[in-house]
2 protein chains.
Amino acid sequence: MKVKLNDVAKAAGVSPTTVSRVLNNRGYISEKTRKKVKDAMEELNYYPNEIARSLFINKSFLIGLIFPTTSNPFYGQLIFHLENICESLGYKVLLCNSQGREDKEKTYLEMLQRHQVDGIIAGAHNTGIEEYNTPNLPLVGIDRYLSKNVPVVSSDNYIGGKIATQLLINKGCQQILHINGPSSLETPANLRRKAYEDVMIANNLNPIAYEIGEDIIKKVFDENPGVDGIFASDDLIAANVIREAKERNINIPIDLKVIGYDGTDTTRILLPELTTVQQPIKEIAETAIKLLMKQINSTESDFQLETILPVELIEGKTT
Amino acid sequence: MKVKLNDVAKAAGVSPTTVSRVLNNRGYISEKTRKKVKDAMEELNYYPNEIARSLFINKSFLIGLIFPTTSNPFYGQLIFHLENICESLGYKVLLCNSQGREDKEKTYLEMLQRHQVDGIIAGAHNTGIEEYNTPNLPLVGIDRYLSKNVPVVSSDNYIGGKIATQLLINKGCQQILHINGPSSLETPANLRRKAYEDVMIANNLNPIAYEIGEDIIKKVFDENPGVDGIFASDDLIAANVIREAKERNINIPIDLKVIGYDGTDTTRILLPELTTVQQPIKEIAETAIKLLMKQINSTESDFQLETILPVELIEGKTT
DNA sequence: TTGTAGGCGTTATCAG
DNA sequence: CTGATAACGCCTACAA
C-alpha cells in the first residue's frame, strides 16, 4: 500500500530513526547516509504521514474557519486572505460553511475539536453559542462576539455607519432609511445601525431601520414613498435596492442616494458605481491570525480583546 | 490536559475497549454500562480524537479542494456547494487557494497527501502538473484536465460559447470580439473560445480573441473602434468591459452588446442586467463529489471520464 | 553517528 | 457482555 517511513529505512539500509532524523533535520547524520535516505525517499515517492505525526506531537497545524458562506464576496475574500496567511505560517485550513445556522455551527465546532485543530476563527451572525465557552481552544471572532475573553476583530462599524449616514445627510437627503442584514444585537456589525440612528437623531431626523428578509426591499419602497437616501449594511443589499429603484424608475442618485458597506474586490468590479464603506479585509485577516497565533504560541492571555480597524469611504455614482 | 478515552474509562470504571464500543455502537453492551460510560463522557466533556482514529482506520474523511481563490464569486459558490455536500456525507474540507500559481499548487498537492486526504477536487487554470499523475489518490477535475484517467466535470463550454456568439450575431453585431481568462489550451473552459471561433467562421466573420491581462480591455477598444459585440469568458471580464464602455460613452446595448459567462448568484445580484451564460454550479459540485466518492468507495474505475452539464442563457439588458 | 524501545489515542482481535 | 493486547505511522529518549 502506502509507503511509510519504515519502507524508506529498509530501502536505504538504515533504521527508522535515521530516516526520521533526516526528515526533521535533527541530530547528527553523516552526509552519506543523509543522501542515501533522501534518495530512497525520492525513489519510493515517500510522503510522511502527517496524521501519525500530529498524533505524536499533539499538534495538527490545522485551523478551523467557520463562516456563513464562501459564496458571499465578503466572506469569500476574507477566507481567501485567512487561508493565505495560514499557509504562509505552515498551517492548513478546515473550511466550514455554517450558513448562519446555529445547529450547523455547533456541529462544526465539535467536529473541529475532534480533529484537534490548533485554533478556530469564526464569524457568523448567530447569537452567542454557549459551546464557544467550553473549549479550551484558541479562538478569534471576526465581527462577532463569541464569548467572554475571546478577542474580536472588526472594521470600525460605528465610524463606518456614521460616515455613511452623514454623507447622505450632507448630500441633502431628507428621508434616510437603513436596511441591515440578519445581525443580532451581539455583533459589532450592528454598530452600523446604531451609528445610523445616532447620527439621524443628532440631526433631528427620524431613523427607520429594516432588517433584510423576504420582499423587504419592496416593502421599504412601498412604505416610504418619499425615501431619498438608503444606507444598506452591505453591498448586496445595496445592489438589491438599486435594482428595485430602477424598476420603479427612481433616478439614482438624483431622486435616491444609496450607500453600501464592504467594498469587496468583487463589488468594485461588478458594481463600481456604488458608493460604499470599504472594510480593510486583508488587515482584518492579518489581525485575526496574529491574535490566534499569539494564543497558540503562548499561555498568557495578554492579547487585545477588541481590535477595530479603520474603514474607508469610496464615493461612487450612487450618491 | 485533554481528556481522552482512557480517562473516560477510568471515570466510568470500565476498560478502554468498552468506551470505544459505546462510542462506535459496536458489539454488545449492557444498557447499564452504556449509560455509565455516556455519563462519564458527558461529565468530562469528552471528544474522541479523530486524528488517532484516522491513524488506525487509515482514513481521514478529509477532502482537499484546490482552486485559485474563494474571492472569485464562481469559485466561492462552487466551493460552498462542494463543502456543503462533503459535510452531508461526513467528510471535511481542506481548503487550498492556489492563486493560479503552479508552485503553490504543487506544494498544496504534497501537503494534502501528507495529510492523508481521501480525495482531491481541483480546478485551477494551470498547465498539466505532472504531480497529478503520481498520487494513487481519488481525483476529480473541474473544468480542468488533471491527468489521464482523472474524471473531469464541466459545464457545456462549447455550447455555451456557441450560444453566446450566436446571440450576438442574431442581434445584428458585425464586429464581435472574444476576451478570455488566463486559460491554457488544456482546460475545457477553452472550448468557449473555440466555439466562438467556429461560429464566427461559420458566419463568415473574423474571430479576434484576446487574453485578459494588464490594460487589455482598453487595448481591445483602442484596437477595435468598430466593435459592437463582446463575448467575455466570465462575468468579471464582462463587467470590466462594461465599465470601460461607459467611460468611453459607448451605449450598451445599442452601440455595443456584451455577454458574459458564469451567472453566479453574486453576479445576478450585483449586475443583474448582464446577459450571461449560466453554469449549473450546484450540479457541477454534485457530480464532482459523486465521481470522487465512487473512486473512494470502490477500486474499479468504471466512472465516466468526462461529464458535461448543460448551461442556460440568461438574457439581461446588455444585449 | 546510528539503532532500540516505548508511546501518542484509538480500534480490532481474541479470550474470558 | 467485557477486558487485555497489539497495531496504525511516527517521534523522542536512551543506548550503543
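As the structure is a prediction and not an experimental result, all values here were calculated from the model. Proteins come first, then strands; the chains are lettered A, B, ... in the order of their sequence lines, and each starts at number 1.
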task: Could you check how far OH of B:Tyr28 sits from C1' of C:dG16, rounded to whole Å?
output: 17 Å
query: How many angstroms lie between atom CD of B:Gln77 and atom CD1 of B:Ile281, to the nearest 0.5 angstrom?
result: 4.0 Å
message: Set out, in order, the CA-CA distance, both residues' side-chain angles and the distance that settles salt bridge (charged side-chain N to carboxylate O under 4.0 Å, His left out) for B:Glu110 and B:Arg114, then state yes or no.
response: CA-CA 6 Å; B:Glu110 186 183 321; B:Arg114 285 163 174 258; 3.1 Å; yes
task: Please name all residues satisfying side-chain hydrogen bond (donor to acceptor under 3.5 Å, both in side chains) with A:Thr287, sequence neighbours left out, ordered by chain then number.
output: none
- prompt: Does any donor atom in the side chain of A:Ser30 or A:Thr33 lie under 3.5 Å from an acceptor atom in the other side chain?
  reply: yes
- prompt: Looking at the side chain of B:Pro48, which of C:dG7, C:dT1, C:dT10 is the nearest nucleotide?
  reply: C:dT10
field: Residue-phosphate contact under 4.0 Å: B:Tyr46 side-chain N/O, C:dT10 OP1/OP2
entry: yes
field: Axial bend angle, the helix from C:dT1-D:dA16 to C:dG16-D:dC1: five-pair end segments, nearest 10°
entry: 40°
query: Taking for each residue the nucleotide of DNA chain D with the nearest heavy atom, is it B:Ala52 or B:Thr33 whose nucleotide lies nearer the 5' end?
result: B:Thr33
query: To the nearest angstrom, how far is A:Lys32 atom NZ from C:dT2 atom C1'?
result: 13 Å
query: Rounded to the Å, how far apart are B:Lys2 NZ and C:dG7 P?
result: 21 Å
field: Distance below 4.0 Å between A:Ser15 side-chain N/O and C:dT4 OP1 or OP2
entry: no
- prompt: What are the bounds, 5' to 3', of the part of DNA chain D that sits under 4.0 Å from heavy atoms of chain B?
  reply: D:dC1 to D:dG9
- line: One should read off an interatomic distance between B:Tyr108 OH and B:Asp103 CG, to the nearest 0.5 angstrom, of 10.5 Å
message: How many whole angstroms separate atom CE of B:Met41 from atom C1' of C:dT10?
response: 14 Å
Rounded distance in Å - NZ (A:Lys36) to C1' (C:dT2): 10 Å
- request: Take the protein atom CG of B:Leu5 and the nucleotide atom P of C:dG7, then report the distance between them rounded to whole Å.
  value: 17 Å
message: Measure CG/B:Asn24 against P/C:dT13 and give the value in whole Å, please.
response: 13 Å
task: Could you check whether B:Thr17 gets within reach of a base, just the sugar-phosphate, or nothing at all, counting any heavy atom under 4.0 Å?
output: base
- prompt: Atom NZ in B:Lys106, atom OG in B:Ser98: separation rounded to 0.5 Å?
  reply: 13.0 Å
- request: Write down the atom of B:Leu44, the atom of B:Ala11, and the distance for their closest heavy-atom approach.
  value: CD1-CB, 3.9 Å
statement: Nearest heavy-atom contact between A:Leu62 and B:His115 is CD1-CE1, 3.9 Å
- prompt: Heavy atoms under 4.0 Å, any strand shown: does A:Arg21 hit a base, just sugar-phosphate, or nothing?
  reply: base
- request: With heavy atoms under 4.0 Å as the rule, sort A:Leu55 into base, sugar-phosphate or nothing.
  value: base
- prompt: Side-chain N or O of B:Arg26 less than 4.0 angstrom from OP1 or OP2 on C:dA12?
  reply: yes
task: Locate the shortest heavy-atom distance separating A:Thr307 from A:Leu291; write the atom from each residue and the value.
output: OG1-CD1, 3.9 Å
- request: Could you check how far CG of A:Asn6 sits from C1' of C:dT4, rounded to whole Å?
  value: 13 Å
message: Ring of A:Phe61, cation from A:Lys59 - is the NZ or CZ under 6.0 Å from the centre and inside 45° of the axis?
response: yes
statement: Assign each of B:Glu31 and A:Pro16 the nucleotide of DNA chain D bearing its closest heavy atom; nearer the 5' end lies the nucleotide of B:Glu31
- request: Remember a base hit wins even if backbone is also touched, and classify B:Asn49 as base, sugar-phosphate or nothing at under 4.0 Å, heavy atoms.
  value: sugar-phosphate
